Amino acid sequence: MTLPEKIVRASFGLKGIVQHQLDQSYHSPLIDKIRAEGFSMKMGRLEIHLAKEFGFCYGVERAVQYAYETRARFPDRRIFLTNEIIHNPRVNAELQGMGVQILKDDASHAGITEKDVVIMPAFGVTVEALREFQKKNCVIVDTTCGSVMSVWRRVEAYSGDGFTSVIHGKYDHEETRATCSRAAKYVVVKDKAQAELVCQTIKGLVARGSFLESFKDACSPDFDPDKDLGKIGFANQTTMLSRESIEISDLLRAALRARYGETGLESRFRHFDTICSATQDRQDAIRELGEKHMDVILVIGGYRSSNTGHLVELASEFCPAFHVEDASSLISSDKIRHKKTGAQDILETVSWLQKKGMDPLRVGVTAGASTPNRVVEEVIQRLIDIAN
Ligand code: SF4
């Protein structure tokens, strides 16, 4: 059955209509000013240094704009989001305030009709979810980022050529689930330790049962480690730590070489770096900021944001770094609420903004790709209030 094509993947041409609303919600004159003045500002003893690249990336900017345009284009229709549009609570709350409903689970899809509009987020949806909404004959506004789609094309090509996709990512992240749904065979590794396990399996040093137990949620149905790890195509979730992705790719290549020899290695291993340029630019910028000797770095972003978590990981290599969601996380100059990298819990830490003597207090600030400048501004304002 051919399904009617009602998927919109471009602007409705209403940017002029929604721009004012977007500016009011997300733009920050203060951030523009700090950028224009060399990415830093001083207030008494406090020095604030912004990373050269931070905040909304091109994919997020586009997805949010399309969501606002969708509301303007269909003022009388019910509009649903298959998930959060991006991982930032402020942006999702603003859309909900405009009457856009977030579908919490599969059961909530049941009431969707052809009169409705469904928006798909920047990180995309699975093939199964796309088909399901196509069958409902509703209007679909697909805001999937082009960089995510290029990962999909990569794993589809691997599958077409009989390669298993090894994906460096988080198996429960929406983007990676969407990517997996496009691969015939896949296994998802979240870090080097899991990649090592795959490598040991390739070399025949890990029992099949042990592999399947370790990756029971993170490999394709019917995955057979004895057969499916002979030809590997490597890809990554767009927001992973690029350094780790390169290391994992090298480990896999070395494992195949150890098992099958150098001859014909190119017909057994393919690699394509699918970290997006926006993620890479933000990771490079946080390293540059760290090298400038900050006393502390604030990394602003939703707690569910993968790219924000990796920025915290990198910043922590230079000085204490705190992942905060918004201005309310800065409870006082003594206490901060934050999320630790890799952990789920939200913590409160004391004595986070202390420096003895009269030397300048140098605070670095960056933000994940889904954080609006307005939120960054509010954090900076709060920092100025409590530090002084
Ligand atoms: S982080 Fe990268 S892949 Fe994700 S929306 Fe932004 S540009 Fe696209």
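First listed ligand is number 1; within each ligand, the first listed atom is number 1. Nothing here was measured: the structure is a model prediction, and the numbers come from that model.
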Exercise. Is Arg243 salt-bridged to Glu317, cutoff N-O under 4.0 Å?
Worked result: yes
Exercise. Below 6.0 angstrom between ring centroids: does that apply to Phe234 and Tyr158?
Worked result: no
Problem set entry | atom 8 (Fe) of ligand 1 to nearest N/O/S of Cys145 below 2.8 Å | yes
Exercise. Got the closest protein heavy atom to atom 4 (Fe) of ligand 1, with its distance?
Worked result: Thr238 OG1, 4.0 Å
Problem set entry | Contacting atoms of ligand 1, where contact means under 4.0 angstrom from a heavy atom of Ser147 | 3 (S)
Exercise. Counting from 1, what ligand 1 atoms have a heavy atom of Cys57 closer than 4.0 Å?
Worked result: 1 (S), 5 (S), 6 (Fe), 7 (S)
For this session: In plain terms, say whether Lys192 and Glu244 are close enough for a salt bridge, that is, a side-chain N and a carboxylate O under 4.0 Å apart.
Result: no
Exercise. When you measure from the centre of the six-membered ring of Phe272, is the NZ or CZ of Arg154 under 6.0 Å away and within 45° of the axis?
Worked result: yes
For this session: From atom 1 (S) of ligand 1, work out which of Cys276, Pro121, Gly368 has a heavy atom at the shortest distance.
Result: Cys276
For this session: Would you mind telling me if ligand 1 is within reach of the side chain of Phe123, the backbone, both or neither, using heavy atoms under 4.0 Å?
Result: neither
For this session: Could you tell me whether Glu377 and Lys33 have a side-chain N and a carboxylate O separated by less than 4.0 Å?
Result: no
